[in-house]
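Reading through the structure tokens given below for one structure.
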Amino acid sequence: KFVSWMWSIMGVPESLVLLLILQIFTGSTSGTLVSSCDSCHEEATCQESRKRGDSLNNQALSCVCKDGFVGDGLTCYNAKLCGNDSSCCSQGYQWSPDSGCVDTDECSLQDSPCTPHQVCQNTPGSFQCLDPSSSNRSVQFSCGQTVCPSGMDCISNNGALRCTDPCEHYTVLDDDWRSTNNTSNAALHCDQHNNWQGWYRLLLGQTSAHIPERCIGENRCGTHATLWITEPHPTQSDEIVIRTVCNAWAGSCCYFNSHTIHVKRCYENFYVYKLVKPSGCYLAYCAEVNRTDPAVSATTPDARPQTTTAIDVNNSTGVEGQVRLANGGNSSCSGRVEIFHLGEWGTVCDDSWGLVDAQVVCRQLGCGRALSAPQGARFGQGRGPIWLDDVMCTGHESKLTECSHQGFGSHNCGHQEDAGVICEAGSPVRLVNSDNRCSGRVEVYHHEQWGTVCDDSWDLKDANVVCRQLECGAARSALMNAAFGQGSGPIWLDDVSCFGNESSITDCRHPGFGVHNCGHSEDAGVVCEFQRPPLQPPQLICGRDKLHVGLDLAGLTSYDLNPFSGNLAALNCSWTRVHDDVVWYEVQATEGACGNTLRTNRTHAIYSNSLFIYPINNASLIIPVSFPFSCAYPLDTNTSLNVAVRPFLALEGGISGSGAKARASMSLFRNSNYTETYPAGMVTLPVGSPLYVGVSVEERDPGFAVVLENCHATHSSNPDDPMRYSLIQNKCPTDPRQVSVTESGSSLQARFSALLFLLQDEYRDIFLHCSLSLCNRRSSSCVPPCTSRKYRSVSSSDPLKPLTIGPIIC
């Protein structure tokens with residue numbers, strides 16, 4: 001009998017066999033987990049599974065692409081339509097035959113896209129360059145061939161990509177349903193459906209909001225799985241950081257795949273986010289406003305100095321945020337900087353510590369201007385916690401806690417890096433009435449009053465002590481006879497005689513404070529060899545919306561110019577920010593803004609203004625230093641349509657007809673390579689021999705493929721003989737042990753092999769018959785997957801005429 005052709009597994013349902021086969025070949029693959037089947041792609045199936053003991057409410061749902069499609073279940077690609085290239089993929093993605101469009105890892109390329117000192121980190125569709133020393137995971141973006149400055153992103157503005165501050169170029173996201181107080185599920189929302197582009201600012205009502213920093217719990221914020229960030233928001237306003245986003249569902253705070261977003265803190269004390277699609281639905285970003293935001297400097301800060309004085313080092317009490325200077329000897333206005341937090345005194349790390357930061361401390365303590373900002377534990381190593389690191393002040397703050405920093409207790413330092421301060425009132429000596437701090441009339445601080453030094457016996461040894469005390473190098477000259485003008489007030493020292501190795505001018509021999517026989521016409525002076533840096537020209541960035549002018553902080557200060565005193569042509573235009581020791585002023589690129597002038601020629605529009613900077617001691621009318629600047633913008637530009645136009649042929653209303661079926665032929669081959677055929681006619685073969693059958697179709701359009709629909713064997717040459725034995729049915733072998741399809745649906749040729757056995761136990765002629773169809777490979781997946789499901793024809797034409805070969809004699 002034909003048992004060997006049609007045998008089946010006894011007592012085992014066909015569907016169970018298929019399930020076992022699928023599990024063997026797919027392993028434990030379960031697709032992408034989702035909270036709702038609505039998030040699955042139209043070419044994906046939603047599968048449900050429950051572990052033992054799970055309740056119905058905690059069943060696991062996943063999206064799996066259908067046969068012939070590849071992807072993660074949220075997005076599925078037609079494997080044949082997309083082919084083996086990346087034509088179906090967006091920029092930054094490449095084609096994978098098993099997974100569809102997958103992310104391109106730019107960081108694994110031979111030439112890294114980042115600068116040598118940065119670490120490349122791959123992101124979906126792109127990459128980012130990380131600063132390896134940043135514990136805050138700050139990032140810089142590339143824009144064409146350049147790397148944007150810290151705190152800027154490559155943003156499209158009027159069709160052109162430019163490095164832009166996202167705090168000035170964002171979209172408002174003011175959905176009230178995002179509130180963490182919203183527990184209604186009447187209308188579910190999913191951020192996986194949003195086409196996120198650029199940066200976003202969250203609002204609830206008219207109030208700035210932010211993404212929560214804690215696990216919110218499920219079924220809130222107008223969605224199923226709520227999105228929250230796992231790390232605190234940034235505290236600095238001049239950088240963009242990465243934050244991990246988790247989701248709460250099924251009792252877990254991070255149930256589905258997490259992802260990362262970018263966050264920036266803006267100077268106006270709100271946050272902007274570069275959001276991306278979550279892993280599925282229903283997931284949505286939450287928003288809240290009930291968090292106490294960290295203090296930042298106001299747009300117009302209160303510059304009045306605090307009258308708090310430094311307390312004794314051994315006293316462990318204080319007020320939250322209070323500062324003191326420790327181990328500074330007899331002076332309360334110089335020493336190691338310490339700050340009181342959570343009932344305990346702690347130090348400040350010297351990373352990024354500079355004169356601007358020291359000035360804020362001196363102002364808070366009422367100690368006058370800052371003379372220096374010593375690093376490396378100049379006043380000895382402290383004990384206890386290190387409260388602050390990477391302090392970045394603008395100079396306007398009235399308290400150290402108002403400056404940006406990493407957050408209390410967040411640091412990567414040891415006490416050998418404790419920061420210090422020497423304020424003017426903390427130093428017993430200063431040089432005044434010159435154009436720099438390292439030359440001038442010598443004045444000494446005693447009994448809370450500044451006084452001069454008489455030039456009797458004044459020489460280079462005395463001057464060397466003063467220069468070394470002020471960290472101004474060696475003395476070049478010791479001037480007499482009030483060379484820098486006559487002082488006022490007391491004359492504190494006379495007949496000073498130094499050996500040259502003293503640490504302070506007051507340690508040198510002298511008759512005593514206030515003992516002298518001089519007048520102010522004999523006031524002593526000093527010129528140290530301090531080489532002040534050349535005054536650097538301003539930096540200029542011609543942004544699309546604003547003009548940015550940057551001034552070197554150290555250079556201006558060395559010329560006794562106050563980098564924060566500037567204004568543009570209009571006096572009220574004086575807003576500043578500090579980044580990398582550069583003070584930045586900015587003005588809108590608009591005619592008339594802050595006194596801007598505009599002139600045009602044939603090719604450019606040119607905006608011009610001038611920045612005016614004043615001396616540090618600006619007690620009287622002094623002509624400021626002027627820095628004129630101009631930005632020229634091209635008048636010509638270009639743009640591209642933001643949609644792709646795909647033409648199609650309109651056939652409605654036309655005429656149509658029918659043509660003949662394609663001609664097909666079927667041959668019996670001698671070998672498994674299908675290279676040599678038997679001649680037409682009768683073929684005699686032994687029982688158990690393999691039959692190698694090939695089919696070909698004459699079709700001029702190579703986009704079609706021939707598909708084996710059904711093949712059967714009969715004892716007659718009539719393909720409609722009712723006594724038939726099926727070999728291939730519904731495109732698949734009836735018994736894989738006896739029949740194997742070598743090729744079907746991939747070209748205009750089809751091939752299969754079968755074992756030759758007796759039909760009805762009789763040694764009679766055997767004929768093979770096949771029915772075929774043509775499939776359009778451009779729009780369909782033509783290769784039969786051969787599962788138990790029913791397949792409808794993928795051809796839009798009638799099946800081809802059945803083919804017959806034989807007889808074959810056993």
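Worth knowing before you read on, the calculation uses all heavy atoms, side chains too, and leaves out hydrogens, waters and symmetry mates.
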The single option from Val263, Val245, Asn194, Ile211 passing side chain to side chain contact (heavy atoms under 4.5 Å, CB included) against Leu275: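 For Leu275, the side chain to side chain contact (heavy atoms under 4.5 Å, CB included) check succeeds only for Ile211.
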
Among Asp165, Ile541, Val582, side chain to side chain contact (heavy atoms under 4.5 Å, CB included) partner for His548: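 Testing each of Asp165, Ile541, Val582 against His548, the sole residue satisfying side chain to side chain contact (heavy atoms under 4.5 Å, CB included) is Ile541.
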
Salt bridge flag under 4.0 Å for residues [X] and [Y]:
X	Y	result
Glu443	Arg430	yes
Asp153	Lys274	yes
Lys399	Glu397	no

If you apply the rule side-chain contact (heavy atoms from CB on, under 4.5 Å), what do you find for Tyr633 with Arg544, and how did you get there? CA-CA 9 Å; Tyr633 295 86; Arg544 182 64 259 174; 4.0 Å; yes

Run the salt bridge (charged side-chain N to carboxylate O under 4.0 Å, His left out) check on Glu586 and Lys546 step by step: do they pass? CA-CA 6 Å; Glu586 64 182 39; Lys546 292 184 179 181; 2.8 Å; yes

Student check: side-chain heavy atoms of [X] and [Y] closer than 4.5 Å:
X	Y	result
Pro278	His259	yes
Glu213	His233	yes
Thr603	Asp636	no
Asn567	Cys573	no

Would you sort out whether Cys349 and Asp390 count as a side-chain contact (heavy atoms from CB on, under 4.5 Å), showing the intermediate values? CA-CA 7 Å; Cys349 183; Asp390 292 321; over 6 Å; no

Nearest-0.5 Å distance that lies between atom [atom1] in [X] and atom [atom2] in [Y]:
X	Y	atom1	atom2	result
Leu202	Asp174	CG	CG	9.5 Å
Ser352	Gln375	OG	CD	9.0 Å
Tyr285	Tyr200	OH	OH	10.0 Å
Gln486	Ser488	CD	OG	10.0 Å
Leu388	Ser404	CG	OG	10.5 Å
Asn609	Phe612	CG	CZ	7.5 Å

Any side-chain to backbone donor/acceptor pair from Gln406 onto His411? Under 3.5 Å, distance only.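 The answer is no, because no donor-acceptor pair under 3.5 Å joins these two groups.
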
Take Trp584 and Thr576 through the test side-chain contact (heavy atoms from CB on, under 4.5 Å) and record every step on the way to the result. CA-CA 5 Å; Trp584 289 94; Thr576 63; over 6 Å; no

Do you know the tightest heavy-atom contact between [X] and [Y]?
X	Y	value
Asp351	Cys413	OD2-SG, 3.4 Å
Thr401	Gly321	CG2-CA, 4.0 Å
Cys403	Val391	CB-CG1, 4.0 Å
Trp353	Pro374	CD1-O, 4.0 Å

Find out if the SG atoms belonging to Cys163 and Cys154 lie under 2.5 Å from one another.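 No.
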
Would you say Cys467 and Cys528 have SG atoms less than 2.5 angstrom apart?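 A disulfide is present here, as the SG pair of Cys467 and Cys528 is separated by less than 2.5 Å.
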
Within 45° of the six-membered ring axis of Phe270 and under 6.0 Å from that ring's centre, is NZ or CZ of Arg265 located there?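 So Arg265 doesn't make the cation-pi contact.
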
Ring centroid separation for [X] and [Y], is it under 6.0 angstrom?
X	Y	value
Phe629	Tyr585	no
His210	Tyr273	no
Trp199	His169	no

Verify disulfide bond (SG atoms under 2.5 Å apart) between Cys423 and Cys362, making sure each step is shown before the conclusion. CA-CA 6 Å; Cys423 305; Cys362 294; 2.0 Å; yes

Under 3.5 Å, is there a donor-acceptor pair linking the side chains of Arg201 and Ser208?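 There is such a pair (donor and acceptor under 3.5 Å, judged by atom type) between the side chains of Arg201 and Ser208.
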
If you apply the rule salt bridge (charged side-chain N to carboxylate O under 4.0 Å, His left out), what do you find for Arg162 with Asp545, and how did you get there? CA-CA 11 Å; Arg162 294 184 177 85; Asp545 302 317; over 6 Å; no

Could you go step by step and tell me if Val272 and Cys167 meet the side-chain contact (heavy atoms from CB on, under 4.5 Å) rule? CA-CA 7 Å; Val272 289; Cys167 292; 4.3 Å; yes

